[in-house]
Each structure stands twice: as structure tokens, then as C-alpha cells.
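In this text, all values refer to a predicted model and were calculated from it rather than measured experimentally. Naming convention: chains lettered A, B, ... in sequence-line order (proteins, then strands); numbering from 1 in each chain.
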Number of protein chains: 2
Amino acid sequence: MSTRDKARAGARPHHAGPEELVQTAAMARRFYLDGKSKIEIAEEFGISRFKVARTLETAIRDGLIRLEIRLPPELDAERSDALRTRYGLSHAIVFTSQVQDPGGAALVTRRLGAVAAGLLAEIVTEDDVLGLIWGPEIEALGPELTTLARCTVVQLCGVTPLRPVDANAVEAVRRAAAVSRGVAYPIYAPLLLPDGATARMLRRQPGIVEAVGRFSQVTKAVITVGAWGPELSTIYDALSDAERENYRSQGACAEVSGHLLDGEGRIVAPELTERIIAISFEELRRVPDVILLADGSQRAAATAAALKTGLFNGIVTDTGVAEYLLA
Amino acid sequence: MSTRDKARAGARPHHAGPEELVQTAAMARRFYLDGKSKIEIAEEFGISRFKVARTLETAIRDGLIRLEIRLPPELDAERSDALRTRYGLSHAIVFTSQVQDPGGAALVTRRLGAVAAGLLAEIVTEDDVLGLIWGPEIEALGPELTTLARCTVVQLCGVTPLRPVDANAVEAVRRAAAVSRGVAYPIYAPLLLPDGATARMLRRQPGIVEAVGRFSQVTKAVITVGAWGPELSTIYDALSDAERENYRSQGACAEVSGHLLDGEGRIVAPELTERIIAISFEELRRVPDVILLADGSQRAAATAAALKTGLFNGIVTDTGVAEYLLA
DNA sequence: GGGCTATCTGCTCATTTGGGCGCCATGCGC
DNA sequence: GCGCATGGCGCCCAAATGAGCAGATAGCCC
């Protein structure tokens with residue numbers, strides 16, 4: 001009879017009869033849903049277990065049986081996985097962004113905040129010291145935080161409110177601490193100062209030294225990346241035109257925690273480092289989990305540069321950026 | 001951290017974070033689609049293989065991963081399987097019927113013919129001797145036959161054309177033989193005769209004895225079931241009103257191969273058996289594969305009775321009948 | 001604070017499973 | 001008609017897997 005099967009089948013497509021279809025479906029249900037073993041199924045249908053295995057195999061290959069992975073629609077499992085594998089990350093979450101959405105940049109940032117809040121709720125434990133940088137993504141994160149283990153929260157840099165919405169700049173840190181019922185260490189100081197001396201002096205000020213002194217204890221840091229352009233970087237916006245152009249000519253492409261990076265992730269303008277109040281790359285490198293928040297295609301190249309620093313083992317980003325990173 | 005998971009999880013639903021969702025999705029893809037082993041996956045994600053197993057397990061349980069079995073829409077895999085299991089059949093195929101379809105009885109019969117033709121194409125081999133009873137379902141089967149192994153085809157009963165469409169009563173046998181390029185043994189004689197003597201005489205006639213003599217060689221028989229009512233049974237339609245009522249009072253409920261059955265599948269009116277030209281139950285019992293074609297809810301009870309004879313190891317029927325049989 | 005419970009975790013061992021192999025029947029080209 | 005290629009089939013054996021178990025840990029109730 002099986003010989004006839006072959007004869008009837010002809011070429012590859014193997015025109016299956018109703019009996020075979022129904023039987024295959026039954027075997028698939030038995031195996032995948034009822035959890036029966038192939039041996040049991042073979043006995044039930046009076047065939048060899050190898051036949052069962054091959055039947056299911058070809059059924060999957062021919063698409064008769066399909067595996068559907070249902071995920072909240074805002075999560076992009078495929079790109080998340082690709083990103084994680086490609087960049088060797090521990091955490092990689094890509095959420096879907098409607099690229100064509102016109103004024104949607106702010107909306108994308110809000111969704112980033114929600115996803116990042118979910119991630120923090122998931123991975124932060126009581127023993128963690130959570131560090132938050134300052135930036136629009138962090139501000140979007142704040143309101144979305146609803147659950148958090150009782151951890152300490154440390155602000156990782158000063159703030160330079162330039163836009164009205166920045167008024168609640170340190171709000172995220174306070175909000176995180178409130179949600180987690182933990183201790184908060186905000187930094188009430190500008191991110192960028194006129195010179196290194198001022199910055200050094202400020203770092204020793206009470207209320208600031210408490211936070212800065214805890215940089216080395218941070219176990220999970222959430223960092224944003226800025227691109228070298230207006231409204232895309234807190235540092236860029238705080239500099240003069242001449243400085244902006246100067247650094248651009250030096251190849252500045254991205255900004256991470258107040259540090260400027262070129263396209264290869266190397267620090268340019270080390271002198272700027274003196275003038276900021278922010279966690280350093282050396283300190284960041286000792287943090288077990290450093291998660292990069294990056295949204296918006298305008299920041300795609302900057303995100304790539306940031307990843308090249310090797311500082312990050314986690315990323316939360318949108319489809320657009322992910323596609324750039326995977327291209 | 002896992003302890004926090006539990007704390008955060010709260011009750012059963014386990015509100016999963018994005019990281020977990022994405023990771024689960026990645027593991028599912030690795031395991032089910034890429035064919036990686038759980039051990040490999042465990043190594044890749046830095047967890048134990050047990051954790052991988054449990055993650056996938058709960059993902060399936062919670063519906064995050066779903067197995068979709070795609071089948072031609074006319075086939076009802078679930079009921080086919082249920083029928084097969086419940087009645088211990090080798091072949092059970094249920095096709096979907098639109099019950100509310102008003103004049104759809106004929107349409108259902110046509111679909112039954114198509115499905116049955118597919119089944120025969122699938123299971124009949126060169127070595128088989130295919131036996132076909134006479135009835136509306138068989139007539140619907142004929143035109144649908146397009147592929148058939150080179151088998152011998154034997155008609156299993158005489159015909160009593162009462163309706164115009166019955167003119168081509170033996171057409172199915174000829175058609176089957178033509179498609180299979182095999183030998184046909186039709187029976188040009190009435191199914192029901194006035195008395196046993198006539199029937200016995202006819203069975204010895206040349207052209208009839210060839211077919212009747214081959215009843216014992218049949219390896220696959222296709223049988224229909226009639227209900228005890230007008231237009232539902234070839235025998236009923238051929239009897240007089242008095243006889244109909246007589247047999248009804250004896251409990252006649254179904255008609256199979258010219259034999260009347262009560263609700264329990266027992267033969268009533270054995271005297272009628274003398275008057276027919278049709279394969280007997282004894283002969284039928286020796287046929288390895290006996291497939292029942294039953295369509296239309298009017299025949300549901302009759303089908304149940306027929307199955308109780310234990311003659312059948314296969315059935316092709318529609319959803320309505322299947323539901324009755326499973327109720 | 002102290003046990004108790006529920007849960008998660010990884011382990012051992014028996015079972016299940018798949019890759020690769022040879023066997024056999026069939027179809028095909030010579 | 002006859003070898004040869006092809007594909008299905010089942011088996012061997014090593015790898016993969018699951019069931020059940022024991023330890024650990026945190027939450028919880030008294």
C-alpha cells in the first residue's frame with residue numbers, strides 16, 4: 001500500500017488523501033497537545049514510531065502543522081533575538097514602531113518608557129542598586145514604573161533642563177524610589193559645567209557626593225544615547241555653536257553619559273569629560289548590567305556607535321533602530 | 001532574582017515581563033523551528049535544560065505558544081479522531097456540512113462522494129478487490145473518482161431504479177473500473193425480488209454469478225446505510241406500504257446492503273434477506289476493510305444502528321451525523 | 001521568631017527520540 | 001527483461017528528554 005502511495009504521489013508535493021490528513025492531524029494533536037509519546041501514538045495507530053516521527057516531521061516541513069508564537073503585538077521577538085545574538089547581549093527588547101508615524105517620535109519614546117519599565121520590574125531585585133541616567137527616554141520611563149523591587153535608586157548624572165518638560169528632570173529617580181519603596185539619590189546639579197574645576201567642586205558637594213559616591217555600587221544602570229544634533233543630545237543642546245561644530249569635526253556622532261563618541265565608539269573630546277557630572281565609562285564598565293535605551297531612527301547611527309563601546313549588555317529599542325543595527 | 005519573580009508574579013496568571021516573553025519566544029523558535037536541542041538552548045541562554053523545558057511547557061500551557069494544525073477546511077479533524085477512537089475504527093473521516101443549508105442534502109451527498117473518492121484513491125491498492133454497494137452516496141462517488149489503483153471492482157448488490165437519476169445506477173462501478181483500468185463486475189439485476197426463489201435463480205445467471213461469486217474476494221467494501229423512510233432507503237422505496245409498516249412495527253430503523261436493522265443493529269425480517277441480491281453480512285464480515293458512507297442527519301440514528309453491527313471499520317460522514325454518533 | 005508551606009531549582013535514572021545504516025520493493029532506462 | 005537508482009521502512013545506538021525527588025529559599029501564619 002505504501003508503494004502505491006509513492007506511485008500516486010508522483011512529484012514532491014505529495015497530494016495527500018483525506019485519511020492521511022486526518023490521521024496526521026490526530027497524531028499531531030496527540031503528540032504536541034496531549035503530550036503522548038511517539039511510541040504510544042505508534043501503538044495506537046499500528047505503525048512504527050519512526051513512521052510517526054517522519055509523518056510529523058514532514059507535516060511541519062510542509063506547513064500542515066505550524067507553530068504560532070503569540071506575543072504582545074508591541075514586542076518584536078525576531079529582531080529582539082537577532083539583536084541579542086548579534087551583539088552578544090543579555091537583554092535585548094525590540095518593540096514595534098510605526099516608522100511612518102509623523103509626529104510619532106514622542107509617542108515612540110513613551111512606548112520605550114513603558115517597555116523599559118516592564119523590563120526593570122522584571123529584572124531588578126531587592127539587592128540591586130539601580131542607576132538612572134538623565135534623558136528624554138528616562139523621563140518617559142518614570143511614569144510607567146508601577147512595580148519595582150525594593151531597591152536603591154541612584155541618579156547617574158546631572159541635569160540641564162533646557163525645555164519646559166525637563167522641569168521634572170529628576171522625577172524619574174524619585175518615582176522609581178517611590179515605587180520601589182527604596183532610597184533615592186538624586187543629583188541636583190547641571191550635567192555640563194563651564195570647566196573641570198567647577199565640576200570637581202560640585203561633585204564633592206553634600207547631596208551630590210552621596211549619589212556620585214554610589215556610582216561604584218550600581219548593579220543595574222539604565223543609559224540613554226544621544227545623537228549629535230539638536231534635540232537629540234542633552235550635551236549638544238547645552239553647548240555653543242562653535243563647540244558643537246568643533247566636536248562634529250572631530251567625528252562626534254553619539255553621546256553617552258556625557259561622553260562624546262565617534263562612529264567607532266571611541267571617546268572624542270576627553271576634555272569634555274572633566275566638565276560633566278556623570279558616571280564614567282570606567283565605573284560603568286564595572287556595572288554588571290548596563291541597559292541602553294535607544295529610540296528613534298535619528299539615533300540609529302549613534303546607537304551603533306554606543307554599542308561598539310562594549311559597555312552595554314542590554315538594549316531596549318524600536319524596530320527602526322533595530323533594523324539599522326542588524327543591516 | 002527568581003524569588004522576586006515569584007513575589008512579583010502574585011497569583012496564577014504570572015504577569016510576565018517583556019524580557020521573559022521575548023526570551024521564551026526565542027527559545028520556542030530555537031526549539032520548534034530551528035530544531036535545536038533543549039541542551040543547546042540551555043547553554044546558549046545560560047540556564048539549565050530543565051528550565052528550558054519548563055519554560056516551553058508553561059508557554060504552551062498558557063497559550064503563548066500555540067500549535068496550529070492546518071487542514072483543508074472541509075475536513076473535521078477533531079470529530080474524525082473522536083469517531084475513530086470511540087468506535088475503534090481504522091478509517092474515520094468527518095467532513096463539514098452546513099446543517100442549516102435548506103436544499104443542501106444533495107450537496108452534502110456530493111461532498112461525501114468527493115471525500116470518499118479521495119479516501120479510495122488513498123487506500124486502494126492494486127491487489128485490492130473493491131466492492132461497491134448501490135445507493136445515492138455511491139452515485140455521488142462515481143463522478144468524483146479520478147485516481148484509483150488498478151484494482152478489480154465488484155458491484156455488491158442489485159439495483160432498483162425508482163428515480164430518474166437512478167438510470168445510471170451501475171455507473172459508479174463502471175466509472176471506478178475505468179479510472180483504475182481494472183476489471184468491472186456490475187450486476188444488472190434488481191436489488192429486491194418478489195420472492196427467494198427468483199432471487200436464487202437470478203444469482204446463478206451468467207453476468208450476475210461472476211459478480212456474486214467474487215463477493216468473497218472483496219478486500220475493500222464501500223457500503224451505504226439507509227434510514228427507514230421514503231427517499232432514505234433503496235429497500236423502503238421498493239416495498240409496499242403494508243410491508244413498510246410491518247417492518248417498521250418490527251423495529252426497522254436502518255437498512256444496510258438490503259438487510260433491515262433495528263436500533264441495536266440486529267437484523268429484523270430475515271425473510272427479506274432471501275429476496276435480495278446483495279452481499280451478506282457473513283461475507284461482509286470477512287472483508288478486511290468495510291467503509292460506511294453516511295450523510296444527512298435523517299440517517300444519523302440509522303448510522304448508529306449500522307455501526308452496532310460491528311461490520312464496519314471505516315466511516316465517511318458529515319458533521320451532523322458525527323455529532324449524533326458522539327453525543 | 002519559628003515552623004510550615006509553596007515554589008523553584010537541579011539532579012538521577014528510565015524512557016524517548018533521532019541520525020545514520022542497511023534492506024527491500026518499485027520504477028526506470030537500457 | 002535486467003541491473004540501477006530511488007525512496008520508504010525499520011533497526012541500532014547514542015543523545016536528548018521527562019518524571020519524580022530532595023534541597024533550598026522566601027513568604028506566611030501564629
Between the base of D:dG7 and the side chain of A:R54, is there a donor-acceptor distance below 3.5 Å? no

Of all the nucleotides listed (D:dG18, C:dG18, C:dT17), which has the minimum atom distance to the side chain of A:A53? C:dG18

Taken to the nearest whole Å, NZ/B:K36 to C1'/C:dT17 is 18 Å

Nearest listed nucleotide, side chain of A:R49, among C:dG10, C:dT17, D:dG10: C:dT17

Tell me whether B:K51 is salt-bridged to B:E57, with the criterion being a basic N under 4.0 Å from an acidic carboxylate O. no

Could you tell me how far apart B:F31 (CZ) and D:dG18 (P) are, to the nearest whole angstrom? 6 Å

Go through B:L132 and B:V153 one step at a time and tell me if the side-chain contact (heavy atoms from CB on, under 4.5 Å) criterion holds. CA-CA 7 Å; B:L132 300 179; B:V153 186; 4.1 Å; yes

For atom NZ of A:K51 and atom P of D:dG7, their distance in whole Å: 15 Å

Rounded distance (Å) that lies between atom P of C:dG18 and atom CZ of A:R61: 15 Å

Rounded to whole Å, CD1 of A:I60 lies from P of C:dT17 at a distance of 13 Å

Starting the side chain at C-beta, find the nucleotide from D:dT17, D:dA19, D:dG10 nearest to B:F50. D:dA19

Atom OH of A:Y32 to atom P of D:dG18: distance rounded to whole Å? 12 Å

Mark yes or no for whether A:E126, through its side chain, and A:R150, through its backbone, hold a donor-acceptor pair below 3.5 Å. no

Could you state the atom-to-atom distance from CD1 of B:I41 to P of D:dG18 in whole Å? 11 Å

Where each residue is assigned the nucleotide of DNA chain D containing its nearest heavy atom, which of A:G35 and B:E40 is assigned the position nearer the 5′ end? B:E40

Would you check if B:T146 and B:R175 make a side-chain contact, meaning some heavy-atom pair closer than 4.5 Å? yes

To the nearest angstrom, the CD1-P distance between B:I39 and C:dG10 comes to 14 Å

